[in-house]
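Numbers restart at 1 for each chain; the letters A, B, ... are given by sequence-line order, proteins then strands.
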2 protein chains.
Amino acid sequence: MSRPVLIRPGGRSERIQKAVHEAVRALQAENAEITVALIADRAAVTPSTIYRRWGSLAELLGDVATQHMRPDAQPVSTGSLEGDLLVWLDQFVDEISTGVGRAMIRERVENVALARIAAGYAFANLETLVWRAVERGEPAPDPDRLMDLLVAPVIYRLVFVGQVIEKGYQKELVALATASAPQLQQSAHQPSIRRS
Amino acid sequence: MSRPVLIRPGGRSERIQKAVHEAVRALQAENAEITVALIADRAAVTPSTIYRRWGSLAELLGDVATQHMRPDAQPVSTGSLEGDLLVWLDQFVDEISTGVGRAMIRERVENVALARIAAGYAFANLETLVWRAVERGEPAPDPDRLMDLLVAPVIYRLVFVGQVIEKGYQKELVALATASAPQLQQSAHQPSIRRS
DNA sequence: GCCTTAATGCAACTTTCTAGCGTTAGCAGG
DNA sequence: CCTGCTAACGCTAGAAAGTTGCATTAAGGC
């Protein structure tokens, strides 16, 4: 999921990485056009450096988004899976529709890479929530199923339709997802997905 | 959803359109690299013509895909919504994972446009199926909900994860979707989605 | 056949991305 | 403190992708 962007820590490399990241965020905040040239200019760096380090604009944006999303790695706990999911989904929708998502809709930056990263973090969070539920003895569906029932619709509507799912409908989705827990769990042993 | 690509019928324009479309399909079939230059070359046309007519490679591919998908505009009828959905979803997954989808996964052509078109046709088909069900007096969810519960997972996995959903899991999804029919229908009157 | 007009071809041009090469900054060993 | 080593950078040239203006061509109407 986008290369780790390894660098020699603490030195010129780090300085430049920081400068570039800040340039990107500044441009995003200003709602300005986002191009490699503009970023390079603002960060006082040559475009070629950006291409070398990140490979493409998409990956750079992905890298920035990654760092921005990392914070909510520990989703809040409410005591029940349904509650946890509700809170988390609302947060997820909000985050994806303000930061990352806005850029995807607004610009032509059809940035699948960004959505992919968002999905990656979503999965990690959902795993945590499911794990908690299982520890409490609550029935819980596979994180994979939750991805399909919660994250997939959200991302689908955002990327392909340009819509944001509202709280009321979020609730329905969560209800449906939690309700489907045992039934889906039954067949969890037969692999139902294959790599293409 | 991608401009209609209107042309003066029966003349040079049509000839060129056909030549370009065939060039695209030929390249797709050969698993060859797909670039505007190669397409133009094979169709004996200047690249600028392609850019003018279609605007971008993505739109051209979208146009080709559109024509290729149109045939199943009349999905088969089995007598029940669940049956209809099963057959249709299987077809949809197959189509999207062989033609359009392969291109999306294989290449870097992160072609959101294609998926969008596919989704458009999917929606039209689902509407038909739901309409039939309603006519039979069967409870049926909104086409929108079906998009979220069936199409969204399929596309999500395809585009973001590179997976194809198998028949067994398709069945689960369909079961879940049909089961959720009445419950979701209740709240169909309050709009649960807003444009961003 | 002539006229009108949409669409194409051609070529110049801009933008975006890539690659080679010399230079610089950080780091380690003496 | 000096010296050598190397990853990363800046600069520049150039390839590739995409855009635009203008002359030319081919359909269709009269």
request  = Between B:P47 and A:I16, just flag the one whose closest nucleotide in DNA chain D comes earlier from the 5' side.
outcome  = A:I16
Distance-only check: which donor-acceptor pairs under 3.5 Å involve side-chain atoms of residues 132-140 of chain A, not counting sequence neighbours?
residue : atom : partner : partner atom : Å
A:R132  : NH1  : A:P75   : O            : 3.4
A:R132  : NH1  : A:V76   : O            : 3.3
A:R132  : NH2  : A:P75   : O            : 2.8
A:R136  : NE   : A:G79   : O            : 3.1
A:R136  : NE   : A:E138  : OE1          : 3.1
A:R136  : NH2  : A:E138  : OE1          : 2.8
A:E138  : OE1  : A:L81   : N            : 3.2
A:E138  : OE2  : A:L81   : N            : 3.2

task = Measure from CG on A:D41 to P on C:dT15 and round the result to the nearest Å.
result = 14 Å
request  = Indicate whether OP1 or OP2 belonging to C:dT8 is found under 4.0 Å from a side-chain N or O atom of B:R53.
outcome  = yes
key: B:D63 vs B:H21 side-chain heavy atoms within contact, under 4.5 Å   = yes
Report, one pair per line, the protein and nucleotides 21-24 of chain D atoms (nitrogen or oxygen only) whose separation is under 3.5 Å.
residue : atom : partner : partner atom : Å
D:dG21  : O6   : B:R52   : NH1          : 3.2

key: Nucleotide D:dC9, atom C1' - distance to CD of A:Q17 in whole Å   = 15 Å
task = Measure the distance from CH2 on A:W54 to C1' on C:dT18 and round it to the nearest whole Å.
result = 17 Å
query = For C:dG9, does either OP1 or OP2 sit under 4.0 Å from a side-chain N or O belonging to B:T49?
reply = yes
query = Do A:L57 and A:V45 share a hydrophobic cluster, counting only Ile, Leu, Val, Met, Phe, Trp and Tyr and linking them when any side-chain heavy atoms are less than 4.5 Å apart?
reply = yes
ask   = Rounded to the Å, how far apart are B:L60 CG and D:dG18 C1'?
value = 15 Å
key: Euclidean distance, atom CD1 of residue B:I34 to atom C1' of D:dA16 [Å, nearest integer]   = 18 Å
note = Here the distance between atom P of D:dC9 and atom NZ of A:K18, to the nearest Å, is 16 Å
task = Starting from P on C:dT15, measure out to CG on A:L38 and report it in whole angstrom.
result = 12 Å
ask   = With sequence neighbours excluded, what pairs up with A:E22 under the side-chain hydrogen bond (donor to acceptor under 3.5 Å, both in side chains) test?
value = none
query = Any side-chain heavy atom of B:F123 sitting closer than 4.5 Å to one from B:D144?
reply = yes
message = Looking at A:R15, I'd like to know whether one of its side-chain N or O atoms comes within less than 4.0 Å of OP1 or OP2 on C:dG26.
response = yes
key: Heavy-atom check, side chain of A:V151 versus side chain of A:L126, under 4.5 Å   = yes
task = May I have the distance from B:Y51 (atom OH) to C:dA11 (atom P), rounded to whole angstrom?
result = 18 Å
remark   = Heavy-atom closest pair (B:A152 atom, B:D148 atom, distance to 0.1 Å) is CB-O, 3.3 Å
